Asks: 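Have a look at the structure that comes next, please.
Bear in mind the structure is a predicted one, so any value in this text is a computation, not a measurement. Convention: sequence-line order gives letters A, B, ...; per-chain numbering from 1. Excluded from the calculations below are hydrogen atoms, water molecules and symmetry mates; all remaining heavy atoms, backbone and side chain alike, are included.
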Amino acid sequence: MKTLFPIALSMSRRRFGGLIAVAVAVLIGALAVTATAGIAQTGIWADAPVGRFASADVLVGAAQTVEQEEDIDVPLPEREAVGADLVATLATVPGIEHALGDLSFPATPVLDGTPVHSGGGHGWSSASLPDTPKVTGEAPDAAGELVLDLATATALGGAPGDRIEIVVAGQRATYQVTGIAEDVPPGLYFADDVATALAGREGRVDLIALWATPGTDPGDAADRVRDALAGTGLTVATGDDRGDVESLAVGAGRGLLIALAGSLAGVILMIVGFIVTGALAVSVAGQRRDLALIRAVGATPRQVRRIAAIQGTLAALLVLPPGITAGYFLAERAREWFVRLGVIPESLPLVTGPLPAIVTAVLFLAVVGLGARGAALRVSRMPATEAVAQTETEPRSPGRIRTTIGFALIGLAMLMAAVPLVSRSMVAVAGTGSAGIVAVIGLTLAGPAVVRAAAEFLAARLSRRPDPAGWLAAQNLRAFASRGAGALTGLAMAVTLAITYTFAQTSPQKGVEQDLAASDLGALSVTAPGLGGVPAYALDDLRAVPGATVAIRDSTTVVLPHTEDGRAKADAYETVVLGADAESMVDLGLTAGSMSALTGDSIAVSGTFSMWQGLDPGDTTELILADGSRVTVTVAAVYDRELGYGDIVLSPDVAYPSASLYDSVLVGGVAEQTVRDALAGVPGVAVDAGPREVAAEVTPQMWLNFVVVGGLLGYVLLGVINSLVAATSRRGGEFDALRFAGATPGQMRAMIRREGLWYGLGACAAGLALSTPPLLFLGVGLLGSPIAAGPWWLPPGVCAVVLVAGYLATVIPAGRVLRAVTGR
Amino acid sequence: MSRRDLNGQAAVVLKGVTRSYRGGVLALDDVSLQVPRGAFLAVMGQSGSGKSTLLHCASGLDVPTSGSVTVGGVEISGLREAKRAVVRREQVGFVFQSYNLVPSLDVQQNITLPLRLAGRGPDRRWLDGLVERVGLGGLLHRSPSELSGGQRQRVAVVRALAAKPAVVFADEPTGALDSANAAQILDLLAALTDDLGQTVVMVTHDAAAAARAHDTVVMADGRVTEILSGASADELAARLGRVWAGAAR
Ligand SMILES: Nc1ncnc2c1ncn2[C@@H]1O[C@H](COP(=O)(O)OP(=O)(O)O)[C@@H](O)[C@H]1O
Ligand SMILES: [Mg+2]
């Protein structure tokens with residue numbers, strides 16, 4: 001190693017171009033991988049800062065997860081309550097000075113008919129953290145009384161003794177402000193038993209906050225609390241872990257981050273691998289003669305490979321630090337972006353541990369070391385005499401096995417992409433994205449053989465033409481099929497991935513819109529975002545309107561526990577809440593059962609779900625609701641419109657957690673103005689036509705996919721352009737030979753222009769050929785039309801970009817080489 | 001003397017040719033030279049004396065800084081590269097030390113490439129005769145990388161002659177070959193002039209190679225110092241030894 005180092009160094013100094021391509025590929029790749037790993041790490045380990053309970057030493061809450069064996073537990077997005085009697089029990093644990101049972105529930109003050117944002121409702125004891133706060137006026141004591149924090153009181157212009165209107169527990173009511181508390185978290189504070197009633201938590205609290213006696217170590221106190229709670233399955237948190245118990249949004253957001261990072265890791269790693277190894281191949285090819293000479297003067301094949309590896313590693317080491325650093329910045333940008341998209345709470349910080357850096361560095365050094373050795377394999381094994389021969393060539397025919405595997409993968413990809421034909425579901429669509437990746441891998445394997453066959457065909461056809469430029473270009477493409485295929489498949493990859501990834505997002509989205517539109521039987525949709533949902537009393541107001549049909553349309557999460565090979569597993573489902581009363585307003589496209597049976601503890605399921613789970617109308621199954629409560633539900637119906645309504649529709653009669661405020665309420669049979677009039681007493685309410693507005697939006701996942709695919713496309717293009725430029729720049733000898741044989745500069749330029757054009761055209765043809773079947777399947781399977789839904793400009797757009805990139809990356813460096821060869 | 005057609009037009013004429021490179025190197029210093037049709041002319045001189053530059057300027061690959069060059073009756077020193085390229089492919093064939101075959105074409109395609117580029121049909125009898133003469137008959141569909149150095153150079157010679165040029169320029173054509181292969185190539189070049197009346201200008205630093213030529217031009221410091229006629233290898237070696245010693249002094 002030591003002795004080879006100076007050789008490798010001085011060689012790389014003279015053959016800079018190829019190594020720059022490697023460095024750029026590693027730099028951007030490291031950026032992407034570090035950022036992805038950083039997001040994954042945040043998803044696994046991020047702790048939210050503690051908010052209201054920052055001063056508490058220990059927080060006790062429910063586990064808020066459904067356990068899975070050998071897999072990450074499924075988080076529960078709604079508060080799972082804790083027995084209120086534990087508050088008194090834990091207060092007696094030695095070393096604990098003060099215990100507090102906290103309740104949080106929606107409560108919104110109304111000022112002049114407009115909802116005012118506040119910190120929500122709490123029991124009065126939640127204000128003692130741990131000392132009882134300073135109150136102007138008196139503590140709340142009875143029903144109809146509350147205390148405001150100073151900020152909210154100022155916003156409302158309320159003083160002790162004033163009466164204010166609030167919406168709480170689904171009702172609108174007038175409360176008397178008995179006092180104003182200083183130095184408490186924003187909120188509306190009710191007497192404890194009043195709060196329990198309003199929150200609907202008889203004998204239970206959301207979580208318990210504990211303060212240790214001064215002088216007691218919080219860790220020791222927590223240990224004693226754990227002992228006291230042994231067997232209850234409750235979570236006892238100290239330090240940074242307290243944030244998780246306090247805020248549930250953090251847990252859900254983290255799960256989403258893990259899912260996002262996981263879904264992106266595959267395509268990112270594949271593309272990074274492709275581009276980095278491609279750049280290494282070009283770099284090694286550029287040094288072929290130097291390496292061969294080193295062989296000739298006595299280096300062993302191993303030493304030659306090691307020289308290639310040292311060079312690549314040096315280039316990587318140079319750019320890994322900036323790439324990784326930039327990756328952390330990108331991860332932070334991404335986090336802020338997720339916050340803005342509402343995917344994760346603002347309070348969730350990026351975890352900046354060293355792990356992503358280590359993972360990235362190890363990964364890239366391994367890929368570069370192995371990739372460089374692989375690229376140098378052929379040169380290193382050549383007989384030394386042959387190695388110094390002047391003429392550069394590729395092996396006559398690309399490996400048969402390689403080609404066969406390539407075509408097999410493409411075939412497999414097409415099968416994967418065909419799943420939407422048999423199952424009109426989101427699961428089926430997942431196959432389309434993966435199919436794009438598999439097809440592209442297949443193409444990189446089969447590429448040389450395909451390029452060679454196409455070039456042979458072209459050469460034969462153009463051989464009779466009087467203009468020799470096309471024929472020469474075809475001969476070059478044929479003889480250097482691997483070199484050409486590297487660039488061509490890279491460009492084709494850009495086309496295929498851009499199209500399949502995008503349309504795999506937009507087509508199902510269109511399917512969702514179609515389902516929702518088709519299911520809409522002309523109902524009006526009532527929402528009240530300012531209140532956090534439509535309160536229950538608004539429902540009563542609407543039901544009082546003669547001739548009106550009224551139905552809840554909400555959403556929640558349910559978890560389906562099951563066993564797999566004897567291991568406990570659980571799957572979370574985003575679930576629409578809709579019942580029998582919606583029968584005349586929403587058409588789910590029932591294939592079995594009836595909507596009128598969707599009452600009590602019942603669900604409707606999609607056709608796919610029904611088939612997979614073996615659930616038919618009348619069958620029962622156990623579900624875990626978002627707050628961890630378990631219910632046994634009966635299947636009332638099976639429906640078709642699963643793109644719009646998911647796999648499970650839950651009856652509103654199942655006591656699902658957030659049941660005093662509803663996402664939306666559907667109203668049919670009456671005019672819009674009548675509905676508005678009936679809702680005059682509900683502040684901040686909105687009435688819209690149809691449920692269409694509720695869904696058809698670009699989800700954060702879609703945005704993320706667009707952005708990532710866009711970034712990766714740029715990366716692929718950059719990598720391919722780099723490689724093409726490096727490869728073309730080495731063609732001086734070839735141009736010399738042509739010139740000595742009598743080629744004019746014009747003829748050589750015409751030849752190069754043909755090559756550049758064919759790279760682009762071939763890439764577009766291959767890319768479109770690989771993405772057309774998946775699009776067709778998506779269209780036919782999901783939308784019932786052979787045309788998939790998506791941005792129509794995308795296929796011609798990427799093709800144009802690829803054509804221009806392939807052309808310029810060939811013609812510009814070739815022009816430079818040509819000028820050098822012809823003297824000026 | 002059948003081998004020198006002194007009455008006909010000269011194949012190449014250089015008049016007062018000077019070539020200086022950036023940095024002030026005077027690679028050719030006022031060189032005048034006539035190469036008659038049918039001549040086999042060797043150009044000798046020590047490394048850096050301007051042999052290759054002379055060949056480049058005389059063949060139209062490069063343009064002189066001043067002076068005029070006429071190839072096959074066409075004045076080329078004032079032409080642009082595109083025009084010179086057209087003249088070259090009609091009038092000039094090249095053979096280089098490093099063969100310079102097009103790697104993506106097989107032997108046959110390499111040989112006919114100049115004609116294809118010129119948009120001309122091949123003269124079958126002429127080409128078949130050449131291929132026969134150099135013994136490439138069985139190798140026509142091989143790629144250059146599948147040939148030995150000697151074979152490659154023979155392909156290069158046939159390619160240089162394919163368009164029946166006025167003159168063939170060879171720059172150290174035996175430089176990369178072993179003695180047996182080198183002798184074969186020299187035989188071939190000599191035979192071309194004797195049997196086919198071709199004109200050959202060959203740069204070499206090997207006295208034995210130069211002795212195969214009819215005349216030898218000796219160069220030093222960018223100038224033609226001597227023209228020797230029909231000299232033997234020993235005479236040339238002795239002569240050059242003196243010239244070189246003189247240059248070294
Ligand atoms: N492209 C160039 N730029 C600058 N100087 C050159 C260039 N080519 C040749 N020379 C110089 O011109 C002189 C003659 O070179 P050349 O004709 O190649 O010599 P020979 O072929 O006899 O060895 C040398 O001094 C050489 O260094
Ligand atoms: Mg020379």
Asks: If you measure from CZ on B:Arg80 to OG1 on A:Thr744, what distance do you get to the nearest 0.5 Å?
Replies: 12.5 Å
Asks: A:Gln747 and B:Leu117: which non-hydrogen atoms are nearest, and at how many Å?
Replies: NE2-O, 2.7 Å
Asks: Of all the heavy-atom pairs spanning A:Pro745 and B:Ala82, show the shortest one and how long it is.
Replies: CD-CA, 3.9 Å
Asks: Calculate, to the nearest 0.5 Å, the distance between atoms OG and CZ belonging to B:Ser98 and A:Phe740 respectively.
Replies: 7.5 Å
Asks: For the OG atom of B:Ser104 and the CG atom of A:Leu472, what is their distance to the nearest 0.5 Å?
Replies: 7.0 Å
Asks: Spell out, as yes or no, whether a donor-acceptor pair under 3.5 Å connects the side chain of B:Arg116 to the backbone of A:Ser463.
Replies: yes
Asks: Between B:Leu115 and chain A, with a heavy-atom cut-off of 4.5 Å, which part of the residue counts as in contact: side chain, backbone, both or neither?
Replies: neither
Asks: Under 4.5 Å from any heavy atom of chain A, what part of B:Phe169 do you find: side chain, backbone, both or neither?
Replies: neither
Asks: Within the structure provided, determine whether B:Leu105 and A:Trp471 are in side-chain contact (heavy-atom separation under 4.5 Å).
Replies: yes
Asks: Would you say A:Arg739 and B:Asn100 make side-chain contact, with heavy atoms under 4.5 Å?
Replies: no
Asks: For a quick test of reading the model, state the closest non-hydrogen atom pair linking A:Gly742 to B:Arg89 and the distance between them.
Replies: O-CD, 3.1 Å
